[in-house]
Amino acid sequence: MNIKKHVTRGLWNHLMKSGVEMGLASIIYEVGVASKYVNHAMRTGDLGLAGTSNLYGEDQLALDVLADEIIKDRLDHTGRVSRIISEEQSEIIIFDRQGRAGGYSVCYDPLDGSSLVDVNLAVGTIVAIYAGDNPLQSGRHQVGALYVVYGPRTTLVYGAGDGVHEFTLNSLGEYVLTRGYITVKGSGKIFCPGGVRRDYLPEHEKFVQQLEQDAYKLRYSGGFVPDINQILLKGGGLFMYPGTTSAKQGKLRLPFELNPMAYLMEAAGGAATDGRRPILDLDCYDLDQRSPVYIGSRDEVERAVKFFAGDI
Ligand code: AFP
């Protein structure tokens with residue numbers, strides 16, 4: 001192992017060389033630190049045995065609750081975060097910054113797809129970062145975003161204004177650059193349909209049939225993070241989670257699932273829409289706000305927008 005290479009290609013070194021503002025860099029880096037604890041707890045089951053404490057000295061916690069605690073703790077540790085929205089919390093959490101200005105707000109899903117851990121499928125952490133004290137902003141205002149995939153390898157993908165980059169957690173516990181300036185393919189051949197087919201609205205059903213007739217391959221794990229990661233890093237394509245007869249706004253949440261992934265996908269040359277408007281242009285006014293989503297390669301997203309506009 002070339003230790004020097006690992007040190008120079010580490011996450012903090014990359015953030016500094018990319019000129020990422022120190023506070024924003026520390027938030028991204030500390031989410032990386034938190035993900036190492038989440039990774040450990042997930043793979044060792046170190047959630048604390050009944051009656052004893054877990055690695056954080058707390059009673060046994062479900063993995064997603066533990067992940068939330070760890071990430072919240074590390075974000076507070078940066079001293080640069082003033083407010084957070086978490087998938088695990090029912091309200092906006094305010095950190096006491098002793099009046100210091102220049103804070104950031106963070107929206108995160110600590111462990112998206114957590115129900116898949118029990119069957120050993122990949123899950124992930126998703127994070128959106130805004131400047132200032134308001135975490136409920138249009139996704140277009142994000143100053144950075146990242147996700148972590150806990151799969152056969154543990155990888156971290158971030159963007160903060162200068163490209164999208166992937167880091168892989170190595171045996172030294174370091175995140176080392178494995179893909180720089182990621183670009184998503186302009187068009188792909190896989191699609192993720194989302195939801196339950198019998199609940200599809202007629203136009204989504206018709207669109208899915210068209211993709212199948214055009215020989216798109218269905219790839220759907222039930223985990224938003226690995227499914228997006230596959231499209232971003234491999235052959236491109238389209239992830240969908242539509243509005244349905246039972247949930248007109250779909251399932252995925254805007255603040256901490258759709259906005260960060262749309263930010264990264266656009267930064268990598270892709271696109272993300274609710275079927276009519278770019279996801280990043282949607283007003284974000286509620287912690288639990290949901291939206292239908294079509295996200296991935298530009299060609300497929302544009303095809304979806306044209307289809308739903310009745311142009312094809
Ligand atoms: P959970 O976090 O409740 O497991 O849901 C995961 C998720 O929000 C997202 O990761 C998946 O893309 C989506 O749900 C899958 O939803 P369906 O099971 O309804 O297809």
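Both ligands and their constituent atoms are indexed starting at 1 by order of listing. All residue numbers refer to positions in the sequence shown, counting from 1.
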Side chains of Glu205 and Gln209: donor-acceptor distance under 3.5 Å anywhere?
yes
Please state whether the rings of His165 and Tyr181 are parallel, tilted or perpendicular, taking 30° and 60° as the class boundaries.
perpendicular
Hey, any chance Leu264 and Tyr130 share a hydrophobic cluster, counting ILVMFWY side chains that come within less than 4.5 Å of each other, even indirectly?
no
What residue and atom, counting heavy atoms only, is the protein's closest point to atom 2 (O) of ligand 1, and at what distance?
Gly113 N, 3.0 Å
Same apolar cluster (I L V M F W Y, side chains within < 4.5 Å links), Ile93/Ile129
yes
Kindly confirm or rule out an N or O of Tyr241 lying under 3.5 angstrom from an N or O of ligand 1.
yes
Could you check whether the rings of Tyr294 and Phe207 sit parallel, tilted or perpendicular, using 30° and 60° as the cut-offs?
perpendicular
Provide, to 0.1 Å, the distance between atom 11 (C) of ligand 1 and the closest protein heavy atom, together with that atom's residue and name.
Gly222 O, 3.2 Å
Nearest non-hydrogen atom to atom 8 (O) of ligand 1 belongs to which of Thr244, Val123, Leu252, Val196?
Leu252
Val225, portion touching ligand 1 at heavy-atom distance under 4.0 Å
neither
Option from Tyr175, Tyr29, Tyr158 for which ring-ring contact (aromatic ring centres under 6.0 Å, His included) with His14 holds:
Tyr158
Nearest protein heavy atom with distance in Å, relative to atom 15 (C) of ligand 1:
Tyr220 OH, 3.3 Å
Which heavy atom of the protein is the closest neighbour of atom 10 (O) of ligand 1, given with residue, atom name and distance?
Asp112 OD2, 2.4 Å
Ligand 1 and Phe224, any nitrogen or oxygen pair closer than 3.5 angstrom?
yes
Please write down residue, atom name and distance for the protein heavy atom closest to atom 4 (O) of ligand 1.
Ser115 OG, 3.0 Å
Among all protein non-hydrogen atoms, which one is nearest to atom 3 (O) of ligand 1, and what is the separation to 0.1 Å?
Lys251 NZ, 4.2 Å
Are Leu177 and Met16 connected in the hydrophobic side-chain network, where two residues link if heavy atoms are under 4.5 Å apart?
yes
Any N/O pair Gly194/ligand 1 closer than 3.5 Å:
no
